[in-house]
2 protein chains.
Amino acid sequence: MLNIQPLVSHCNKFCNIEPEKLSLLEPFFEYRTYKKKEMLLREGQRCNEKFFIVRGCIHLYYLRQDGIEQTIDFAIENWWTSDFMAFQHNSAAQFSIRALETTEVLCITADNQQQLLTEMPELNAYFHLIFQKAYAAAQMRFRMLYELSKEELYLDFRRNFPAFLQRVPQYMLASFLGFTPEYLSEIRKKFIS
Amino acid sequence: MLNIQPLVSHCNKFCNIEPEKLSLLEPFFEYRTYKKKEMLLREGQRCNEKFFIVRGCIHLYYLRQDGIEQTIDFAIENWWTSDFMAFQHNSAAQFSIRALETTEVLCITADNQQQLLTEMPELNAYFHLIFQKAYAAAQMRFRMLYELSKEELYLDFRRNFPAFLQRVPQYMLASFLGFTPEYLSEIRKKFIS
């Protein structure tokens, strides 16, 4: 039995869809559980799915020329994740996505989404708002990347995303912030003491 | 007489709305012309408008502590621009937007947009797709910022956005790429010769 409730609650935060209509969402989604370190998406693989995170935490990354994984983003409960360029064009992913803990998602394919939006076009209002929000956050993140020193980037992350600090491995947070793990360790010591 | 046609054409690229309905858009928009260097939005000012660029070119920037303008983005014909975080919350803008040439826009307020989407909810499909596209481009830009050297960033920009090279002042492109103007000048010489 599929538990669509977390997604329904999230939809209701952003738009008014009749409750009896929201129960029609279910057939379009697949409920999946990924173990810690399992892959949701692999770079190079055709990407035709997007994921609503019901429980858990993922990181989105690409493999650098030197073989090191560069984390671009994290996501937790109530966030959507995918390689959206590849999802939009049904093309090869340029990012990988991996579960950082046991992660439950509601997964929808591009075809199913198209069908769903034909049957329930009012869901476009939900997607409009959440993508506007995501894009607005990206504008702010570009500003932060230009404006803040490395130390300030860490403090900003700690202030705005405290939930992630406990859930994300330190070396991965360092990668995301553009640090070496050693440098992050030094900054942390400074602000703990 | 308002010329809504460029926006109608753009909508039609992304979704199917009956042509006679699209003509109803007009009352919700204001047509404005900005002279070169005129401001569309000022940092600190309440932001309750977004802009569809009919003709022209703008840059979005913030003022650094040292008083230098840091360009975060450019936009030309058929792009939407605003400080979307501030637009969403009807709050003070953290960015400024300035016309780089004579720029004609279709401007819509947040209130008018809400009203428009109530009357023509099918437009949400359009905004869903263009924000998904904008967010997808942001994901790729984050990757580029981590992955590419300064020289590669310039070459990537030249390859992907040739239209901007002619329209954007060099010192501003340097700022956008995170260079000094002198450094950009050196790179350009290298690739022109």
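Each chain gets a letter, A, B and so on, in the order its sequence line appears, and its residues count up from 1. We use all heavy atoms of the structure for the numbers below, so side chains are in, but hydrogens, waters and symmetry mates are not.
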Requested in this report: Tell me, out of A:Ala134, A:Pro121, A:Ser82, who's got the most heavy-atom pairs with chain B below 4.5 Å.
Outcome: A:Ala134
Report summary line: Nearest heavy-atom contact between B:Ile72 and A:Tyr146 is CD1-CD1, 3.4 Å
Query raised in the report: Given that the side chain runs from C-beta out, which part of A:Arg143 has a heavy atom under 4.5 Å from chain B: side chain, backbone, both or neither?
Result: both
Query raised in the report: Which answer fits B:Gln70, side chain, backbone, both or neither, if we ask what part of it has an atom under 4.5 Å from a heavy atom of chain A?
Result: side chain
Query raised in the report: Measuring heavy-atom distances to chain B, does A:Leu60 have an atom under 4.5 Å in its side chain, in its backbone, in both, or in neither?
Result: side chain
Query raised in the report: If you look at every heavy atom in A:Ala136 and B:Phe84, which pair is closest and at what distance?
Result: CB-C, 3.7 Å
Query - Co-membership, hydrophobic cluster, residues B:Leu106 and B:Met39, 4.5 Å side-chain - result: no
Requested in this report: Using a cut-off of 6.0 Å, state whether more than 12 heavy atoms not belonging to A:Arg167 lie near its atom CZ.
Outcome: yes
Query raised in the report: Same cluster or not: are A:Phe191 and A:Phe161 linked, directly or through other Ile, Leu, Val, Met, Phe, Trp or Tyr residues, by side-chain heavy atoms under 4.5 angstrom apart?
Result: yes
**Report entry** ring pair (Phe, Tyr, Trp, His ring centres under 6.0 Å), paired with A:Phe142, selected from B:Phe95, B:Phe176, B:Phe142
**Finding:** B:Phe142
Report task. Using the rule that two of Ile, Leu, Val, Met, Phe, Trp, Tyr join whenever any of their side-chain heavy atoms come within less than 4.5 Å, decide whether A:Met140 and A:Leu155 are in one cluster. Result -> yes
Query raised in the report: If you group Ile, Leu, Val, Met, Phe, Trp and Tyr by side-chain heavy-atom gaps below 4.5 Å, do A:Tyr61 and A:Phe74 land in one group?
Result: no
Query raised in the report: By a 4.5 Å heavy-atom criterion (distance strictly below it), what part of A:Phe87 contacts chain B: side chain, backbone, both, or neither?
Result: side chain
Requested in this report: Decide whether A:Leu148 and B:Leu63 are clustered together by the hydrophobic rule: side chain heavy atoms of Ile, Leu, Val, Met, Phe, Trp, Tyr closer than 4.5 Å, transitively.
Outcome: no
Query - Under 4.5 Å from any heavy atom of chain B - which part of A:Leu145 - result: side chain
Query raised in the report: Considering only heavy atoms, which portion of A:Gln94 lies under 4.5 Å from any heavy atom of chain B: side chain, backbone, both, or neither?
Result: both
Report task. For atom CD of A:Glu20, decide whether the heavy atoms of other residues, nucleotides or ligands shown that lie under 6.0 angstrom number more than 12. Result -> yes
Query raised in the report: Just how far is it from atom CG of A:Asn124 to atom CD of B:Glu122, taken to the nearest 0.5 Å?
Result: 10.0 Å
Query raised in the report: Between atom CG of B:Leu123 and atom NE2 of A:His128, what is the distance when rounded to the nearest 0.5 Å?
Result: 9.5 Å
Report summary line: Pair count under 4.5 Å, heavy atoms only, with chain B: among A:Arg141, A:Glu147, A:Arg64, A:Gln65, highest is A:Arg141
Query raised in the report: Just how far is it from atom CD of B:Gln139 to atom CE of A:Met85, taken to the nearest 0.5 Å?
Result: 8.5 Å
Requested in this report: Nearest 0.5 Å please: distance from the OH atom of A:Tyr135 over to the CD atom of B:Gln132.
Outcome: 14.0 Å
Query raised in the report: Run the ring pair (Phe, Tyr, Trp, His ring centres under 6.0 Å) check on B:Phe127 and A:Phe131 step by step: do they pass?
Result: CA-CA 9 Å; B:Phe127 286 118; A:Phe131 272 113; over 10 Å; no
